Amino acid sequence: MSRSPIALTVGGRTTELTLADASALVKFSVRASMDSTVLSTPFGRAQRHPSLGLVVGSGPGEWLVLAAPDSGPGPRAELDRIAAGSGEFVSVVELTHGRALVRLRGADSASLLAKLCAVDLSDAVTPNGAAFRSSVARITTDVVRDDDGGVRSYLLHCERSSGQYLAECLLDAGTEFAIEVDAFTPTDWSRS
């Protein structure tokens with residue numbers, strides 16, 4: 001297991017709005033030609049895949065795949081199989097140790113993010129499963145709306161070196177909403 005780039009102290013959870021370090025998830029970047037459909041998730045959307053985890057269409061011909069840390073070689077082997085069978089030039093690169101990831105969860109999560117990001121986070125514009133890349137607290141961040149058990153939730157993915165800064169900015173912006181740090185447990189990651 002990798003050491004996280006984010007140092008957060010988990011407290012007793014007494015509020016609904018939480019921030020959790022999800023950097024332990026296995027992360028893959030998959031890239032192909034701009035019009036490729038090698039992974040069926042379209043640009044701007046995120047979908048669960050039974051053998052891969054969460055597949056995010058993060059750009060034209062570009063995907064981010066998030067898998068449970070205990071998934072072993074399965075997701076990588078499946079991505080290599082898909083790439084080899086596609087007939088296209090496809091690159092698969094593991095990013096686990098080079099990227100930071102947090103989960104912001106709770107009814108006020110959109111209000112908190114609106115303080116740091118200029119994207120309309122309403123249900124009509126960014127429903128569950130929406131994915132976009134934007135500046136969040138002046139850092140280029142991939143944001144995925146990934147509701148958790150019916151509760152509004154966002155995954156925020158950035159460069160490892162910016163992870164601690166992003167987490168601290170989210171905690172600072174969430175002070176008025178009584179945000180707390182929570183533990184991230186990826187046990188049912190593929191079924192969230």
Side-chain angles (χ1 to χ4, degrees), residues 2 4-6 8 18-32 34 36-49 52-69 71 75-76 79 90-106 109-123 125-148 152-171 173-174 184 186 189-190 192:
S2 68
S4 175
I6 302 170
L8 297 175
T18 61
L19 181 69
D21 179 6
S23 295
L25 289 176
V26 179
K27 304 166 205 73
F28 296 98
S29 171
V30 179
R31 294 188 180 199
M34 183 179 80
S36 176
T37 58
V38 69
L39 291 177
S40 60
T41 303
F43 173 38
R45 297 293 302 158
Q47 300 171 327
R48 297 280 171 192
H49 186 282
L52 294 176
L54 185 67
V55 178
V56 181
S58 55
E62 181 181 348
W63 297 269
L64 170 67
V65 177
L66 301 171
S71 57
R76 176 61 191 240
L79 287 169
V90 178
S91 67
V92 177
V93 177
E94 184 173 347
L95 303 173
T96 303
H97 304 295
R99 303 289 287 182
L101 180 71
V102 294
R103 180 186 285 278
L104 180 63
R105 183 181 189 278
S109 56
S111 298
L112 186 158
L113 274 180
K115 293 173 67 173
L116 302 171
C117 176
V119 173
D120 182 349
L121 298 168
S122 68
D123 286 334
V125 178
T126 53
N128 188 30
F132 59 92
R133 186 172 291 150
S134 183
S135 173
V136 177
R138 298 177 300 182
I139 296 173
T140 302
T141 306
D142 291 334
V143 180
V144 179
R145 170 118 179 242
D146 182 50
D147 291 356
D148 181 26
R152 185 182 291 257
S153 177
Y154 296 92
L155 294 166
L156 294 97
H157 180 251
C158 67
E159 293 293 333
R160 180 181 181 87
S161 59
S162 302
Q164 183 70 36
Y165 172 80
L166 178 62
E168 289 175 7
C169 288
L170 290 165
L171 289 171
F184 180 78
W189 175 249
S190 63
S192 293

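None of these values were measured; they are calculated from a predicted model.
N128 contributes a side-chain N or O that, together with a main-chain N or O of D147, makes up a donor-acceptor pair within less than 3.5 Å. Side-chain atoms of T141 come within 3.5 Å of backbone atoms of I139 as a donor-acceptor pair (strictly under, hydrogens ignored). Panel note: side chain S153, backbone R105; no donor-acceptor pair is recorded below 3.5 Å. The backbone N or O of D146 sits less than 3.5 Å from a side-chain atom of R103, completing a donor-acceptor pair. Checking side-chain atoms of W63 against main-chain N and O of S58 turns up no donor-acceptor pair under 3.5 Å.
D123 and R145 are joined by a salt bridge, as a carboxylate oxygen and a charged side-chain nitrogen come within less than 4.0 angstrom of each other.
In this structure the side chain of R160 never reaches within 4.5 angstrom of the side chain of R99, judged on heavy atoms. Contact of the V56 side chain with the V65 side chain is not registered, since no non-hydrogen atoms from C-beta on lie closer than 4.5 Å. L64 places none of its side-chain heavy atoms less than 4.5 Å from the side chain of V30. Between F132 and V119, the closest side-chain pair of non-hydrogen atoms falls below 4.5 Å. Between L113 and Y154, some side-chain heavy-atom pair lies under the 4.5 Å cut-off. For the pair R45/P127, a side-chain contact is recorded, criterion being any heavy-atom separation below 4.5 Å from C-beta on.
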Task: Test log, rule salt bridge (charged side-chain N to carboxylate O under 4.0 Å, His left out), inputs D142 and R133 - done: CA-CA 4 Å; D142 291 334; R133 186 172 291 150; 2.6 Å; yes
Open item on the list: What verdict does the side-chain contact (heavy atoms from CB on, under 4.5 Å) test give for L155 and L54, after you've listed the backbone C-alpha separation in whole Å, the side-chain angles of each residue and the deciding distance to 0.1 Å?
Closed with: CA-CA 11 Å; L155 294 166; L54 185 67; 3.7 Å; yes
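Among residue pairs with one or both ends in residues 109-119, those qualifying as salt bridge (charged side-chain N to carboxylate O under 4.0 Å, His left out) are K115-E176; sequence neighbours excluded.
A pairwise comparison of heavy atoms in H157 and L101 identifies CB-CD1, 3.8 Å as the closest pair.
Here D21 pairs with S4, I6, L8, S23 under the side-chain contact (heavy atoms from CB on, under 4.5 Å) rule; sequence neighbours left out. For S122, the side chain to side chain donor-acceptor pair (under 3.5 Å) partners at least two apart in sequence or on another chain are D120.
No hydrogens or angles considered: a donor-acceptor pair under 3.5 Å links the side chains of E94 and T96.
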